[in-house]
Amino acid sequence: MAPSTQKMLCLPEAGKPWKLYTEWPVPTLGPNDLLVKIVSAALNPAEWRIQEGFVGVSRLVKNWPYIGGLDGAGIVEEVGSAVTTFAKGDKVIAPGGFEQEHATFQEYNVIAAVDAAKIPENTSFDQAATLPLALSTVASGIWAHEPGSRSVNFPAPWEEGGSTKFAGKAAFIVGGAGSMGQMAIQFARLGGFSPIITTASLHNADYLKSLGTTHIVDRTLPDATILAELPKLTGGKPVVYAFDAVGSEANQELAYAAVAPGGAVVTVMPAAEAALKEKVQRDGSAKAVGVCFGDLRIPPHRKLGAELYGRLTEWLEKGLIVPNRVEVIPGGLLGIPEGCDRIKHNKVSGVKLVVHPQETE
Ligand SMILES: NC(=O)c1ccc[n+]([C@@H]2O[C@H](COP(=O)([O-])OP(=O)(O)OC[C@H]3O[C@@H](n4cnc5c(N)ncnc54)[C@H](OP(=O)(O)O)[C@@H]3O)[C@@H](O)[C@H]2O)c1
């Protein structure tokens, strides 16, 4: 039986420091839900941006105090009365969210059973916690097809043409070393793209090659130099797909410029959609524009979410996708403010920061 109260870390309001609550109510579950004891929670750039009041992401906060945590993994503590697919004690990947009950910077969260996947033997809680947001974000920009989705509508691996339509075509991932970048590389590999070129710090080269990148370009080179390298690396083949995994205007420009007319460009920054589409109108390049929104609970992503989570355990077991490398920050939830600060100042490279909420003193 779960306790009735728990520890959680929140922003009481934008601009205020993180605050630990020690007797916050444990969320209650509905018939289709799981109550998960969070063993590991991963940090994302959204958390420091919300603290600083960035409008784009702050408007997603449903209620204050804002309990952070968009990624988690843990053990099923209670099962809703209508759930037949999970049992108490199962190890699960537990997506977080902007709603207080879903957030993972707390000892327990509630998620719908359809939003969870079992963690296979070859994956630790820390590794599993790195997956949900990257998985949903990148997939939403390329594989979501339902009305209202904003993807470039590539066939997903489980759909016809999913691994053949783009076989042997060149892809370019801007910023392959981040969480989004690592997932974008792996999804491009599943789609059959080749070569897969990415910009990153060169010390991440071997690791990114192990995920499926064929060529790494030093991300500190001027854009003109990077663009001039591409045809040499593709052997003259056009780049038909570019993914901006960083989100700044400069990186969107680079991704856009790399793609040949008629190709597809996707960005992790939804607010860039209008500007990119205007560009296409102006230059008549017929490029498709897709944007990511990493919430699988919205109606346009529901079907995609069920497809992904239905396969996630098997994909991990077979090594078809690999979670991020992790660094565990000590101190439980109290380690989060320092971790957010490191992410904000670009002091994290090629690993994802995770905390263990149960170890909070
Ligand atoms: N739309 C959505 O729903 C959604 C969801 C999640 C995230 N996002 C956004 O996606 C972006 C990436 O998130 P993330 O979690 O992947 O971040 P992250 O893991 O913190 O990314 C860090 C990495 O970014 C790389 N990087 C930074 N500047 C770069 C540049 N100019 N060129 C190439 N690489 C660069 C660094 O690579 P090196 O180490 O190689 O230097 C670093 O390792 C953020 O802007 C985030 O807000 C959007």
Side-chain angles (χ1 to χ4, degrees), residues 42-52 54-60 68-71 95-98 129-142 144 149-151 172-186 197-209 211 213 216-223 225-226 242-255 258 266-273 290-298 300-301 305 323-327 339-354:
L43 279 61
N44 285 284
E47 281 109 22
W48 72 260
R49 291 193 177 140
I50 290 169
Q51 183 177 27
E52 300 212 346
F54 279 49
V55 178
V57 65
S58 298
R59 76 185 159 74
L60 301 173
L70 298 165
D71 274 323
F98 292 100
T130 70
L131 288 163
L133 188 64
L135 189 86
S136 58
T137 301
V138 180
S140 72
I142 57 176
S149 66
R150 295 150 80 189
S151 88
F172 178 49
I173 313 297
V174 179
S179 294
M180 305 305 136
Q182 291 179 37
M183 196 59 76
I185 290 167
Q186 299 190 77
I197 302 162
T198 189
T199 58
S201 295
L202 293 182
H203 69 92
N204 286 319
D206 287 345
Y207 175 57
L208 298 182
K209 282 188 178 165
L211 300 180
T213 306
I216 316 281
V217 181
D218 183 347
R219 77 169 178 90
T220 62
L221 291 172
D223 287 359
T225 310
I226 295 173
F243 187 96
D244 156 37
V246 182
S248 72
E249 209 177 313
N251 291 287
Q252 284 140 25
E253 293 280 337
L254 178 60
V266 180
T267 174
V268 288
M269 203 48 70
E273 184 176 25
V291 294
C292 301
F293 184 58
D295 185 349
L296 295 176
R297 298 181 180 107
I298 61 170
H301 295 167
N324 286 190
R325 295 183 300 194
V326 293
E327 177 188 330
C340 288
D341 211 48
R342 283 174 57 197
I343 295 173
K344 177 180 163 188
H345 292 105
N346 269 318
K347 292 192 173 140
V348 182
S349 177
V351 292
K352 196 152 180 88
L353 302 181
V354 300

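Here the structure is a predicted model, which is why all the values come from computation and not from measurement. Note that ligands are numbered from 1 as they come in the structure, with each ligand's atoms numbered from 1 the same way.
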Please work out whether the ring planes of F54 and W48 are parallel, tilted or perpendicular, with thresholds of 30° and 60°.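 Ring orientation, 0 to 90° scale: perpendicular.
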
Measuring from non-hydrogen atoms of [X] to any atom of ligand 1, is the shortest distance under 4.0 Å?
{"X": "C292", "answer": "yes"}
{"X": "R49", "answer": "yes"}
{"X": "V174", "answer": "no"}

Go through ligand 1 atom by atom and flag the ones less than 4.0 Å from a non-hydrogen atom of [X].
{"X": "L133", "answer": "6 (C)"}
{"X": "V348", "answer": "42 (C), 43 (O)"}
{"X": "A245", "answer": "11 (C), 12 (C)"}
{"X": "F293", "answer": "3 (O)"}
{"X": "G175", "answer": "33 (C), 34 (N)"}
{"X": "T199", "answer": "33 (C)"}
{"X": "S349", "answer": "38 (P), 39 (O), 43 (O)"}
{"X": "A200", "answer": "40 (O)"}

Using atom types as modelled and distance alone, determine if a side-chain donor or acceptor of [X] lies under 3.5 Å from a backbone N or O of [Y].
{"X": "R219", "Y": "G175", "answer": "no"}
{"X": "N324", "Y": "V326", "answer": "no"}
{"X": "T198", "Y": "I173", "answer": "yes"}
{"X": "T130", "Y": "K352", "answer": "no"}
{"X": "E47", "Y": "G69", "answer": "yes"}
{"X": "T137", "Y": "A134", "answer": "no"}
{"X": "S136", "Y": "G294", "answer": "yes"}
{"X": "S201", "Y": "H203", "answer": "no"}

Below 3.5 angstrom, do we get any N/O pair linking [X] and ligand 1?
{"X": "V246", "value": "yes"}
{"X": "K352", "value": "no"}
{"X": "G294", "value": "yes"}
{"X": "M180", "value": "yes"}

Is [X] touching ligand 1 with its side chain, its backbone, both, or neither, if touching means heavy atoms under 4.0 Å apart?
{"X": "R219", "answer": "side chain"}
{"X": "S179", "answer": "both"}
{"X": "V291", "answer": "neither"}
{"X": "T137", "answer": "side chain"}
{"X": "S140", "answer": "neither"}
{"X": "N204", "answer": "side chain"}

Nearest neighbour in protein (non-hydrogen) for atom 21 (O) of ligand 1: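 It is G178 CA, 3.4 Å.
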
Measure the distance from atom 37 (O) of ligand 1 to every protein heavy atom, then report the residue, atom name and distance (to 0.1 Å) of the closest one.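 Of the protein heavy atoms, A177 CB, 3.6 Å lies nearest.
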
Within a reach of under 6.0 Å around CD of E273, are more than 12 heavy atoms found that belong to other residues, nucleotides or ligands?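 Yes, because the 6.0 Å sphere around CD of E273 holds more than 12 heavy atoms from other groups.
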
Closest candidate by heavy atom, reference [atom], pool [options]:
{"atom": "atom 40 (O) of ligand 1", "options": "P270, A272, S248, S201", "answer": "S201"}
{"atom": "atom 1 (N) of ligand 1", "options": "V268, L202, D244", "answer": "V268"}
{"atom": "atom 17 (O) of ligand 1", "options": "A271, P45, G141", "answer": "P45"}

[atom1]-[atom2] distance between [X] and [Y], expressed to the nearest 0.5 angstrom:
{"X": "Q51", "Y": "D341", "atom1": "CD", "atom2": "CG", "value": "8.5 Å"}
{"X": "S179", "Y": "L131", "atom1": "OG", "atom2": "CG", "value": "9.5 Å"}
{"X": "T213", "Y": "F172", "atom1": "OG1", "atom2": "CZ", "value": "11.5 Å"}
{"X": "R49", "Y": "I343", "atom1": "CZ", "atom2": "CD1", "value": "10.0 Å"}
{"X": "N44", "Y": "L133", "atom1": "CG", "atom2": "CG", "value": "5.0 Å"}

